[in-house]
Amino acid sequence: MEPQLRVLAHGAGSIEWRVEKPTITPRSALRDLLQALVLTAVPAALLGAGWQRSLLLALAAACILAAGRAMLAVQCESLTYIRLLGVQLASRRRSGLWSSAQFIPLRQLQGIIIHEEVTSTSVHFWLGLMLKKAAADGGAGAAASAEGLQHALSSTGGGRRLIADGGEVEVAFPTLRPQLNLLRQVYQQLQPLLTTDLDAVAGGAQQAGSKQNGGEHGKGGAGEH
């Protein structure tokens, strides 16, 4: 069963795109049963146990495998955009273990992209948040280039944070990997909001810079007079 997308409006300019996937599917249940048969039923039969006892052992092992897989598997991943503040990426498991959340301030964002990764065996699509270059690198906030992004995706195999030429790309939904149509839906809804807020932040910074420069010129003129 493919991951499903839910769009949740939390109010106060906060929108969440949540990707969810059932932890137990017919395919995973069949896989667990086959593994249990190999690991328990066959050895038990070879050791002289009856076929009924072997099947019971296999069913018990399958239930244990399914429960463990369900508790440890990623249940949902989300991207929450808070207007004029930034993006929060979160991942949650049913057991609560190894769940994570990361907040990216708006000032660190450059934009969003959908990227296609082609390997020898598969094709995957990623929704990525382009980050500005870190101040420590002396960058002016350049976005990741297409060539650098392609190289990064090929070399890292789809890690959470992908280093690219000129910047970094933070991949959303890295584990569940929703289909392209779901990624497009998130992109089409998020991109206008993000562009508007980035333009507003850039305009505010320019106005603040102009006022500061104007004040310095005024002080300089008064001193000369």
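The shown structure was predicted, so the numbers you read here are calculated from the model rather than taken from an experiment.
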Side-chain touch [X]/[Y], heavy atoms, less than 4.5 angstrom:
X	Y	result
Val87	Glu170	no
Ile112	Val186	no
Phe173	Val74	no
Ile15	Gln189	no
Ile113	Met130	yes

As an exercise, state the distance from [atom1] of [X] to [atom2] of [Y], rounded to the nearest 0.5 Å.
X	Y	atom1	atom2	value
Leu129	Leu109	CG	CG	6.0 Å
Leu183	Leu190	CG	CG	12.0 Å
Arg184	Phe125	CZ	CZ	7.5 Å
Arg92	Glu20	CZ	CD	7.0 Å
Gln88	Gln102	CD	CD	9.5 Å

Which heavy atom of [X] sits nearest to which heavy atom of [Y], and what is that distance?
X	Y	value
Ser78	Glu16	CB-OE2, 3.4 Å
Thr196	Pro192	OG1-O, 2.8 Å
Leu85	Phe103	O-CZ, 3.6 Å
Gln110	Leu198	O-CD1, 3.7 Å
Tyr187	Ile114	CB-CD1, 3.9 Å
Val169	Gly128	CG1-CA, 3.8 Å

* Asked: When His124 is tested against each of Glu116, Arg177, Glu117 for side-chain hydrogen bond (donor to acceptor under 3.5 Å, both in side chains), which residue passes?
  -> Arg177
* Look at the side-chain heavy atoms of Ile, Leu, Val, Met, Phe, Trp and Tyr, link any pair under 4.5 Å apart, and say whether Leu79 and Ile82 land in one connected group. => no
* Taking a hydrophobic cluster as the set of Ile, Leu, Val, Met, Phe, Trp and Tyr residues connected by side-chain heavy atoms closer than 4.5 Å, whether directly or through intermediates, do Leu176 and Leu180 fall within one such cluster? -> yes
* Among Thr195, Leu193, Leu194, which residue meets the side-chain contact (heavy atoms from CB on, under 4.5 Å) test with Gln191? -> Thr195
* Is there a donor-acceptor pair closer than 3.5 Å between any side-chain N or O of Asp197 and the backbone N or O of Arg83? -> no
* Checking Gln4 side chain against Glu2 main chain: does a donor-acceptor pair fall under 3.5 Å? -> yes
* To do: Begin with the C-alpha distance, continue with both residues' side-chain angles, and end with the deciding distance and a verdict on side-chain contact (heavy atoms from CB on, under 4.5 Å) for Val201 and Arg107.
  => CA-CA 8 Å; Val201 171; Arg107 65 179 181 275; 5.7 Å; no
